[in-house]
Amino acid sequence: MSTGMRVLVLGATGFLGGHLTRLLRAERGILPCTAGRGSGADLRADLAAVTVPELAALLTAAAPDAVVNCAGAVGGGPGEQSALNSRLPAVLCAALKQAAPGARLVHLGSAAEYGRVPHGERVREEAPAAPLGHYGATKLAGTLAVTSSGADAVVLRVTNPVGAGAPEAGLPGRLAAALRRAAVTGPGTVVRVGDLSAHRDFVDVRDVARAVHLALRAPGPLPGVVNIGSGEAVRVRELATALLAIAGSGVRLREEAGGGSARSGQVDWSCADVTRAATALGWRPRHSLTDSLTALWEENGRETVGTEGHGKERATVRAARAEAARAGGPGGGSAAGLLVPRTPLAASPAPAEEPV
């Protein structure tokens, strides 16, 4: 019979949960089990509506040594956000107390819980949490449910995750999808975007998964909240330019006033202090932003152009990587190394337009 740490992952089919589950399955000494509505889940449960007795029964069946809650809602409206971001963590903590009181809980929070942060500062975990929108408020409610539960628990407060599989609910995934659609139209197509002047702390999804793994293994007790981010703020416009260079399709961006995310549009600066992650978990980010965007484009874009276009796309990615190396990108620069095109992109006399 196999022995090892039994880890139950809630929300394993999502962006963060999927990367984490793949990492855990590759690790010796960890036996992951997944729960959710998807047909591929080991244990089936509607996490948005599950009751304490139902979740306690699920925990009894899984007999976990640790639980990771990756379930959450970025979009979907206030009802879905409240159900998954606020209610589920509270239900989970109550069910853990009944059925698995010795299990460690690793809960994924969000930097949106902080709200507005002074420009130029790296926000520490002790900073007051004052979210400005419903998403941040519901995530903060979930964090408070976890930190006040008395359980062996830690909240990893994640900044802006990016990488392969990034959903269109966030700008990197949405922009990548728009660039792929625009590439089919042809060079000169214009992709319209909202205000890109804000600064964000982008962290690679693989680094987030590794932080969870370290939190599962770390001797306790752990701090209640630990920031997980790159520790660097990047103007969103630079991310868009970098992704455009990696795509290499001759598409142009047109930035327009307004149209930004309602979830974070009121916050013009977000940057995490990750000192506590280094001291408590032994964690530091390993992947540059160029790494993350290249992984996003390669995985999500490889089947979006015709057969004839695949060679061109691969050549573009190779060229982008070479440019990254010259500019201090993967393996040779800061954690936020970027690709910037050296020549202007081709224009079209009457370009098509793709909104983001």
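Position 1 is the first residue of the sequence; numbering continues from there.
Checking side-chain atoms of Asp65 against main-chain N and O of Arg6 turns up a donor-acceptor pair under 3.5 Å. Side-chain atoms of Arg44 come within 3.5 Å of backbone atoms of Arg37 as a donor-acceptor pair (strictly under, hydrogens ignored). Judged by distance alone, with hydrogens and angles left aside, the side-chain atoms of Asn69 form no donor-acceptor pair with the main-chain N or O of Leu105 at under 3.5 Å. Looking only at distances, a side-chain donor or acceptor of Thr34 sits under 3.5 Å from a matching main-chain atom of Asp42. Judged by distance alone, with hydrogens and angles left aside, the side-chain atoms of Asp207 form a donor-acceptor pair with the main-chain N or O of His287 at under 3.5 Å. Trp269 places a side-chain N or O within donor-acceptor distance of the main-chain N or O of Glu121, the cut-off being under 3.5 Å. Proximity of a side-chain donor or acceptor of Glu255 to a complementary backbone N or O of Leu196 within less than 3.5 Å is detected. For Asp201 (side chain) and Ala272 (main-chain N/O), a donor-acceptor pair under 3.5 Å exists by modelled atom type. Of the possible donor and acceptor atoms, none in the side chain of Gln98 sits under 3.5 Å from a partner among the backbone N and O of Pro53. The backbone N or O of Val205 sits nowhere less than 3.5 Å from a side-chain atom of His19 that would complete a donor-acceptor pair.
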| said: Test side chain to side chain contact (heavy atoms under 4.5 Å, CB included) on Ser110 and Tyr135; report intermediate values, then the result. | reply: CA-CA 9 Å; Ser110 169; Tyr135 171 75; 3.5 Å; yes
| request: Would you please test Arg200 and Val267 for side chain to side chain contact (heavy atoms under 4.5 Å, CB included) and show each step? | output: CA-CA 9 Å; Arg200 292 289 180 266; Val267 179; 4.2 Å; yes
| said: Does Val212 form a side chain to side chain contact (heavy atoms under 4.5 Å, CB included) with Leu24? I'd like the steps, not just the answer. | reply: CA-CA 10 Å; Val212 173; Leu24 296 182; 5.9 Å; no
| task | Let me see the working for Leu253 and Leu175 under side chain to side chain contact (heavy atoms under 4.5 Å, CB included), right down to the final yes or no. | result | CA-CA 10 Å; Leu253 296 181; Leu175 180 58; 4.0 Å; yes
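Among Val225, Val155, Val68, the single residue meeting the side-chain contact (heavy atoms from CB on, under 4.5 Å) criterion with His107 is Val155.
You'll find the side chain of Val146 reaches within 4.5 Å of the side chain of Cys93, heavy atoms only. You'll find the side chain of Arg87 stays beyond 4.5 Å of the side chain of Ser82, heavy atoms only. Side chains of Val162 and Asn160 form no contact here, defined as non-hydrogen atoms less than 4.5 Å apart. The side-chain heavy atoms of Arg286 and Asp204, taken from C-beta on, include no pair separated by under 4.5 Å. Residues Leu289 and Ser230 have side chains not in contact (no heavy-atom distance under 4.5 Å, counting atoms from C-beta outward). A 4.5 Å side-chain heavy-atom check between Arg276 and Asn227 finds every atom pair outside the cut-off. For the pair Ile246 and Glu298, the minimum side-chain heavy-atom distance is 4.5 Å or more. Counting heavy atoms from C-beta outward, Thr21 and Arg25 have side chains that approach closer than 4.5 Å.
Note that CZ of Arg237 and NE2 of His199 are 9.0 Å apart. Values are rounded to the nearest 0.5 Å. Rounding to the nearest 0.5 angstrom, the gap separating the CG atom in Leu8 from the CG atom in Leu31 is 12.5 Å. Distance check: Leu84 CG to Asp46 CG gives 8.0 Å after rounding to the nearest 0.5 Å. Here the CZ-CG distance, from Arg210 to Leu20, works out to 13.0 Å after rounding to the nearest 0.5 Å. With rounding to the nearest 0.5 angstrom, the OG1 atom of Thr290 is 9.5 Å from the CG atom of Leu239. A distance of 15.0 Å separates NZ of Lys97 from CG of Leu59, quoted to the nearest 0.5 Å.
There is no path of hydrophobic side-chain contacts, each under 4.5 Å, that joins Leu222 to Leu96. Follow the hydrophobic side-chain contacts under 4.5 Å out from Tyr114 and you never reach Val208; the two are in separate clusters. Grouping the Ile, Leu, Val, Met, Phe, Trp and Tyr side chains by contacts below 4.5 angstrom, directly or via other members, places Val274 with Leu281. Both Val106 and Val9 are part of a single hydrophobic cluster, where members link through side-chain heavy atoms under 4.5 Å apart. At a threshold of 4.5 Å between side-chain heavy atoms, the hydrophobic network of Ile, Leu, Val, Met, Phe, Trp and Tyr places Val7 and Leu10 in two separate groups.
Minimum interatomic distance between Ser86 and Ala141 (heavy atoms only, all atoms of both residues): OG-CB, 3.5 Å. Across all non-hydrogen atoms, the minimal contact from Glu232 to Arg122 is OE2-NH2, 3.2 Å. The shortest non-hydrogen separation linking Phe15 to Gly165 is CD1-O, 3.5 Å. Here the closest non-hydrogen pair linking Ala99 and Pro101 is C-CD, 3.7 Å. The two atoms that bring Pro172 and Leu296 nearest to each other are O-CD2, 3.6 Å, heavy atoms only. Nearest approach of Leu293 to Ala242, heavy atoms of both residues: CD1-CB, 3.7 Å.
Summarising the local packing, CZ of Arg217 is surrounded by more than 12 heavy atoms from other residues, nucleotides or ligands at distances under 6.0 Å.
Through side-chain heavy atoms spaced under 4.5 Å, either directly or across other Ile, Leu, Val, Met, Phe, Trp or Tyr residues, Leu23 is tied to no other residue. In the hydrophobic clustering, Leu144 connects to Leu140, either directly or through intervening members, whenever side-chain heavy atoms lie under 4.5 Å apart.
A salt bridge does not link Lys139 to Glu113: none of the charged nitrogens lies less than 4.0 Å from a carboxylate oxygen. A salt bridge links Arg104 with Asp152: at least one charged nitrogen is closer than 4.0 Å to a carboxylate oxygen.
Legend: residues meeting side-chain contact (heavy atoms from CB on, under 4.5 Å) with Ala94, ordered by chain and number and at least two apart, are Val52.
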